[in-house]
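What follows is a set of notes on a single structure, which appears directly below.
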Amino acid sequence: IGAAHAVLDSVNLPLHLPAGTTVKTVRYGFPRVGSQAFANYVDANVHLTHINNKQDPIPILPGMFLGFVHPAGELHIHDSGEWVACPGQDNPSTECIVGDVPNIFESDESDHDGPYNGIEMGC
């Protein structure tokens with residue numbers, strides 16, 4: 001839930017800072033937070049990167065069939081450790097999380113904790 005809060009803060013914070021202030025957000029294992037309109041707003045107003053690890057199920061939730069959409073900015077880490085930039089919103093390429101993990105039954109919850117550049121997150 002931390003990554004979801006981070007994107008909401010990234011949208012809200014600039015509204016309360018001096019004009020011209022830039023906020024950059026990097027999130028790990030980011031679930032979908034809003035609608036197409038929200039994703040479009042984020043893309044137009046926030047500098048962000050969301051990093052998804054291997055077959056982590058969290059980034060494919062909630063499902064797109066419910067109207068949730070990721071903003072652009074995905075970097076997807078493959079099993080090989082290679083990082084791939086995925087252009088656009090919810091890129092369906094198998095190089096990206098949406099195409100690599102089409103449903104929760106093909107996911108691995110332990111991938112949510114990393115590693116991200118050798119760092120394990122979680123408890």
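- Residues I77 and I51 have side chains in contact (heavy-atom distance under 4.5 Å, counting atoms from C-beta outward).
- By the criterion of side-chain heavy atoms lying less than 4.5 angstrom apart, applied directly or through intervening Ile, Leu, Val, Met, Phe, Trp or Tyr residues, F68 is not grouped with M64; the two fall into different hydrophobic clusters.
- Applying the ring-ring contact (aromatic ring centres under 6.0 Å, His included) criterion to Y41, with sequence neighbours excluded, gives no partner residue.
- Nearest heavy-atom pair, L8 versus V33, reported as atom, atom and distance to 0.1 Å: CD2-CG1, 3.7 Å.
- Residues V42 and V26 fall into different hydrophobic clusters, defined by Ile, Leu, Val, Met, Phe, Trp and Tyr side chains chained together at heavy-atom separations under 4.5 Å.
- Looking only at side-chain heavy atoms (C-beta outward), V101 and D56 stay at 4.5 Å or farther from each other.
- Under the 4.5 Å side-chain heavy-atom criterion for Ile, Leu, Val, Met, Phe, Trp and Tyr, W83 and I119 are members of distinct hydrophobic clusters.
- Contact detail for D90 and V98: the closest heavy-atom pair is OD1-CG2, 3.4 Å.
- Closest non-hydrogen pair, V23 versus P14, comes out as CG2-CG, 3.9 Å.
- When only modelled atom types and interatomic distance are considered, H76 and N52 share no side-chain donor-acceptor pair under 3.5 Å.
- Here the shortest heavy-atom pairing between R27 and P71 reads NH2-CG, 4.5 Å.
- Looking at S110 and E120, their side chains never come closer than 4.5 Å, going by heavy atoms from C-beta outward.
- In L66, the CG atom is crowded: over 12 heavy atoms of neighbouring residues, nucleotides or ligands sit closer than 6.0 Å.
- Taking CG from N53 and CG from L75, the interatomic distance works out to 12.0 Å, rounded to the nearest 0.5 Å.
- Under the ring-ring contact (aromatic ring centres under 6.0 Å, His included) criterion, Y28 pairs with Y116, sequence neighbours left out.
- In this structure, T21 and L17 approach most closely via the heavy-atom pair CG2-CD1, 3.7 Å.
- Residues I58 and F30 are members of separate hydrophobic clusters, defined by side-chain heavy-atom contacts under 4.5 angstrom among Ile, Leu, Val, Met, Phe, Trp and Tyr.
- V69 and I104 are not part of a single hydrophobic cluster, where members link through side-chain heavy atoms under 4.5 Å apart.
- Between D100 and Q55, the closest side-chain pair of non-hydrogen atoms falls below 4.5 Å.
- Nearest heavy atoms, R32 versus I60: NH1-O, 2.8 Å.
- Using modelled atom types, one side-chain atom of N103 and one backbone atom of E106 make a donor-acceptor pair closer than 3.5 Å.
- For the pair V7/V46, no side-chain contact is recorded, criterion being any heavy-atom separation below 4.5 Å from C-beta on.
- In this structure, OG in S93 is found 9.0 Å from CD in E74, a value given to the nearest 0.5 Å.
- With sequence neighbours excluded, no residue forms a ring-ring contact (aromatic ring centres under 6.0 Å, His included) with H5.
- Between the side chain of H78 and the backbone N or O of E95, at least one donor-acceptor pair lies under 3.5 Å.
- If you check the side chains of Q89 and D43, you find a donor sitting under 3.5 Å from an acceptor.
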